[in-house]
Each structure stands twice: as structure tokens, then as C-alpha cells.
Amino acid sequence: MILSSYRVYYHLLLGLLLLHRVPPCPAAGGHWTLLLPTIGISAMHMQLLPNDRIVIFDRTDFGPSNISLPAGKCRFDQNDMVLKLDCTAHSVEYDVSSNSIRPLMILTDVWCSSGALDSNVSLVQIGGYNDGDHAVRVYRSCDKCDWQEMPSGLIQRRWYATSHILPDGRQIVIGGRRQYNYEFFPKTSPLEKAQSLPFLVQTYDRWIENNLYPFVFLHTDGNLFIFANNRAILFNYSINKVVKTYPEVPGGDPRNYPSSGSAVLLPLRIVQGFVTAIEVLVCGGSPKGAYTNAKHGIFDGALDTCGRIKISDPNPRWVMETMPVGRIMGDMLLLPNANVLVINGGSSGTAGWEHGRNPVLEPVIYKPDNPIGSRFEIQNPSNIPRMYHSTAVLVRDGRVIVGGSNPHEHYNFTNVLYPTELRLEAFSPSYLDPSLSGRRPKILSTMSRTLFEYGKRVVIQFTVLDQVDLNSVFVTMVAPSFNTHSFSMNQRLLVLDGGNTTEVVGRSNYEVVVTEPPSRNIAPAGFYLLFVVHQDIPSEGLWVHVG
Ligand SMILES: *[C@@H]1O[C@H](CO)[C@@H](O)[C@H](O)[C@H]1NC(C)=O
Ligand SMILES: *[C@@H]1O[C@H](CO)[C@@H](O)[C@H](O)[C@H]1NC(C)=O
Ligand SMILES: *[C@@H]1O[C@H](CO)[C@@H](O)[C@H](O)[C@H]1NC(C)=O
Ligand SMILES: *[C@@H]1O[C@H](CO)[C@@H](O)[C@H](O)[C@H]1NC(C)=O
Ligand SMILES: *[C@@H]1O[C@H](CO)[C@@H](O)[C@H](O)[C@H]1NC(C)=O
């Protein structure tokens, strides 16, 4: 009797313990999948292309990688500082649907460069180091395509510069090491010169630049928001004029490389042709002095603060928030349901070779519309540290592909704290949990068109099988960004006007009429991924072209 009640009690206790250990709902924190055990290179830069392939590249002067060039090809570069004759690849193309890679050939050095997808499906990559610092390279994807190089496409050397697509389709290239200026690509005239940008001098620390890879966003009024070190300006690049100066982020700590925090332009909600609140969120980084300390083996704790600012306000001010964990070298990505994912990085030290410590394996989701204090949610961890030179990009099915991490020079796999990382992983946010599949919308091919024109209306048909809540539907468009060094250039998410017009048109069939983006300032021409979101669960994306 005593024994049996003891046993019941024991089982109850065990049950409670088990209940406690099993996450309350498998959907709560997303999950990780190892996609490929090696892609042969460290993924320092990544860009998703409109054929669902990701072009990935490292630097070229790094000694042999772990993947050979195809068909016995070799690269001879007399300027290469490590290997003049190199038969390994430093760039690959990853095909999302077949989960496979193909090696590509880049000639000159693309180390710490920038880029943007142009409106013609090509990645236009900018600069690099050494013999590649004035080069522009174009990658147009197809089964056999490879990189094309223009060795002197730039006026100034561009190493650690930021690129952004402009409303006229060109890209602006801002800064770079010892470059306090900007230029455009393509040029409109051979006489075009680089123009000075004193803000990059003002935000430059003498020993530690702290303003490299500035965070740049296109404001919907056509000006550029440029954040460097610990503050920002609004800039009219056509006439080289600062039109607004934003206050310093409280605390004054640096947020750009090598203090590498990250930043996003929060989702732009379009209502009757306008976006009323334009907000930027800057998170993490390392405190002042951390770079010098890291050089001496002292690894300061990363910043756990985020600053959020309404850049369109007449008197803008930073509102500070606290992340569940400090983070340096994190990446901030806009998810299709208009939440922000903070992923990768560490919790002490800085960017730079051997300067980071304590990987943060857990991504965090930030819900911009929740009240302050309940915006962050910790997600399930990976088991792979993603330190300096790691990357993350969103793909069409809603997953986030994560690669890279090579926090030391050359391809060292042994006797180093964080070995060179060749594994490619995917983080599936909780909205991809199979238990939600009934509620996941599916865009139907009957959609009226995928070539969008500014301000026109488009009818989107979709299905939802279960627990339909028409009031929760909205439609988003995400621009595919160029990711490197904790920043996603050209990242932009639009919430289209008309999400509230959803109607039933048949059994499990619905229709929503949305207005295509109203202008080039709100959506520069090019490719975007369109998603229908229902109860915060996005459909698979559909490639659309605007303009
Ligand atoms: C990289 O290549 C080297 C030389 O071929 C090999 O010894 C090493 O195991 C490879 N490492 C990885 C992680 O693939
Ligand atoms: C796109 O391609 C066309 C035709 O090849 C070319 O005329 C145009 O300049 C390209 N546009 C951009 C933005 O590169
Ligand atoms: C920049 O200034 C010029 C000259 O005043 C003006 O025509 C243009 O509209 C301005 N650009 C923006 C985006 O406001
Ligand atoms: C990495 O490997 C290179 C080449 O083998 C070597 O010169 C270098 O010292 C190594 N670095 C570290 C941090 O072990
Ligand atoms: C949808 O919302 C807009 C404002 O964003 C409003 O003007 C319109 O009346 C609403 N339409 C419906 C069908 O509720």
C-alpha cells in the first residue's frame, strides 16, 4: 500500500519533471538544422538572388580554402599575398532548393566588401582589399555563370564601406577604411568624383575607427539616414548636405565595426500612400575602449542595450531597451511577419581576429509592436559558435540561412579557440513549426501579376485551411539584403496597404487587394519577396518585381 502510493507519487513527480523539461510547446523557440557539413569556404558575405540561390564569398588572399575550383581551373594572381597560384575557390553559389553548392571563381580580393542586388537580377559587388579595392564585380546567376570583374570601377578604394540602392537604381557607396567620402555606381559621367562626407571624420576615433560599415537606410523622404559610431545624420546625397543631426545614443558607446552592433529599419507600414512612422533600431556592440582592451587580452562584456528612434520625428530621441543578453557581431534580420531576429555573435570582446569571446548561441526575437519590456523572446540555441565573419540571410520559405565564422587569419581548423567554420545551418523560426501548418497561408498562382507598378492595386488569392482569423491578415514585401559584418545592406520590409480587405471567395479560399508600393523612395525598383501573413505565420514568399 505504502509502496504503491509512493509509486504513484513517484510517477507524478517524474511526470511533472518531464513536463518541466519538455518545452511547453515545440513552436516556442524555433529550431536549427545542419544543411551542409561543409561549403568549403567561410561565408563572410551572402546575398540571396531571385532564383533562390545564395551567392557566398570569403576573401581570396587567405590561402587554400576547402573546395577546389571546377574543371581543374586555377587562379594566378601575382598580387595575392598568400598564394599566387591557387586552385581553390573563395566563392560558391548555394542552391536553396537542392541544398547543394557550386564553386565560383573570383580573381581579385573581395575581403570586407559591400554590394547590392540591382534591378536586373545581378549582384553588383563593390571593392575589397589590395588588388581588389577599386574593383566592381557583377554576378548574374545561372547554371554556369561566374563573376565578371571591372578592375577600376571605383574612384576610391572601398574596404569596409556600406552600399545602398537609391531610388534611381544606382548604388551609393559610403566610406570604407580611411575614406571619408562617398561615390555612386554606375557612374553617370566619366568625370564624376567622390564627394567628401565630414561626418565620417567627426565620428572617427583616432586609434579605433568605430565607424566602419556605417548603418545606412533610405528614408521614405528620399534622404539617407547614416549612422556611424554612436550617432546619425539625415543626408541629402544629391547636394551633399546634412539635413538633420540626430542626438547621440545615450551612453555614447560605439555601435559600428569593430564595436559591431547591428541595426534595422523597422517595418514600413504604408497607409494611403504614406509611411507615417519611420523607425530605426540599433542593438548591441561593445563599450568604448573594448577594442584596445581585447588587444591586451581583456574581453569587455558586450552592450545589452538597443536604441530605437523615430527618424521622421521633428524632435527625434532615442528610446533605450535592454536585450536579454549582451551581443557583439550579431545580425539583425527582418522576418516576413514583421518581427526582428537577432542572431549570431558573442557576448564579449569585439570584432577582429581573435578579439571575440563567449558565443551567444541563442537567437532573440524582437516584436516591435509589443509594449516595451515584453518585446524580446529568447529562441532555441544552435551548437555552432558564429563569431567574426559569420552571416545570416532570410530565404523564400521563411528560414534563415546561417554560415561563416573565421575569427582568425587563414583556414585554421586546429589549435585555435573558434576553428574556421565551414558548416551551413538553417534557423527555422517558430512560425515554421509543423503544428501551425493548417493556419499557414498559401499564395495561389492565380495572383493577378508579379510585375508590380508603383501605386497599382493587385489581387492576391490565398488559402488557409484552419482557424481562420481574417482580421489578422497582412501582406509584406521584403528586399533581399547583402549581409556581411553584422549588417544587412538594403534590408527593408514594407507592410502593404489593404491587408484589412481580406474576403472569403470559396471554401478555404481568400482574396486580399493590396496597393503596390507607392514610390521609389519607399521601394527602390527591383526584386522583393511577397508574403501573406496570417496570425503572424507567413506564407512561402513569392518573388515580385517592382518598377
Ligand atoms: C580542409 O582541408 C584540409 C586539407 O585538405 C583537411 O585536412 C581538413 O580536414 C579540411 N577541413 C574541413 C573542416 O573540411
Ligand atoms: C539592366 O540591364 C539593361 C540591359 O542589359 C541595361 O541597359 C541597364 O543599364 C541595366 N540596369 C542596371 C541598373 O544595371
Ligand atoms: C536634395 O536637395 C535638392 C536641392 O534642394 C532637392 O531638389 C532634392 O529634392 C533634395 N532631396 C531630397 C531627397 O529631399
Ligand atoms: C593559422 O594558419 C596559418 C597558416 O598555417 C599560420 O601561419 C597561423 O599562425 C595560424 N594562426 C593561428 C592563430 O594559429
Ligand atoms: C482598411 O484600413 C484603412 C486605413 O488603413 C481604412 O481607410 C479602410 O477603410 C479599411 N478598410 C476596411 C475594409 O476596413
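Both counts, for ligands and for their atoms, begin at 1 and track the order of listing.
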Using the ring pair (Phe, Tyr, Trp, His ring centres under 6.0 Å) rule, pick out the option among Trp159, Phe487, Tyr160, Phe482 that qualifies with Tyr213. Tyr160
With a 3.5 Å cut-off and sequence neighbours excluded, list the donor-acceptor pairs that the side chains of residues 503-511 form with protein atoms.
residue : atom : partner : partner atom : Å
Asn509  : ND2  : Arg507  : O            : 2.8
Glu511  : OE1  : Gln461  : NE2          : 2.7

For ligand 3, which atoms, with element, lie under 4.0 Å from some heavy atom of Gly222? 13 (C)
Residue pairs fulfilling salt bridge (Lys or Arg N to Asp or Glu O under 4.0 Å) with at least one residue in residues 150-159, sequence neighbours excluded: Asp133-Arg157, Arg158-Glu183
Residue part near ligand 3, for Asn223, under 4.0 Å between non-hydrogen atoms: both
Can you sort out which atoms of ligand 3 are near Asp221, meaning under 4.0 Å from one of its heavy atoms? 13 (C)
Holding to salt bridge (Lys or Arg N to Asp or Glu O under 4.0 Å), I want the full list of residues that pass it with Lys193, two or more places apart in sequence or in another chain. none
Are the ring centres of His219 and Phe225 closer than 6.0 Å? no
Indicate yes or no: does Lys244 engage Asp221 in a salt bridge with an N to O separation below 4.0 Å. no
Neighbour list for ligand 5 [protein residues, heavy atom under 4.0 Å]: Val271, Gln272, Asn500
Steps toward ring-ring contact (aromatic ring centres under 6.0 Å, His included) verdict (Tyr182, Phe235): CA-CA 12 Å; Tyr182 61 99; Phe235 188 62; 5.4 Å; yes
Taking N or O atoms only and a 3.5 Å limit, does Asn236 qualify as a polar contact for ligand 3? yes
With a 4.5 Å heavy-atom cut-off, do Pro151 and His134 have their side chains touching? no
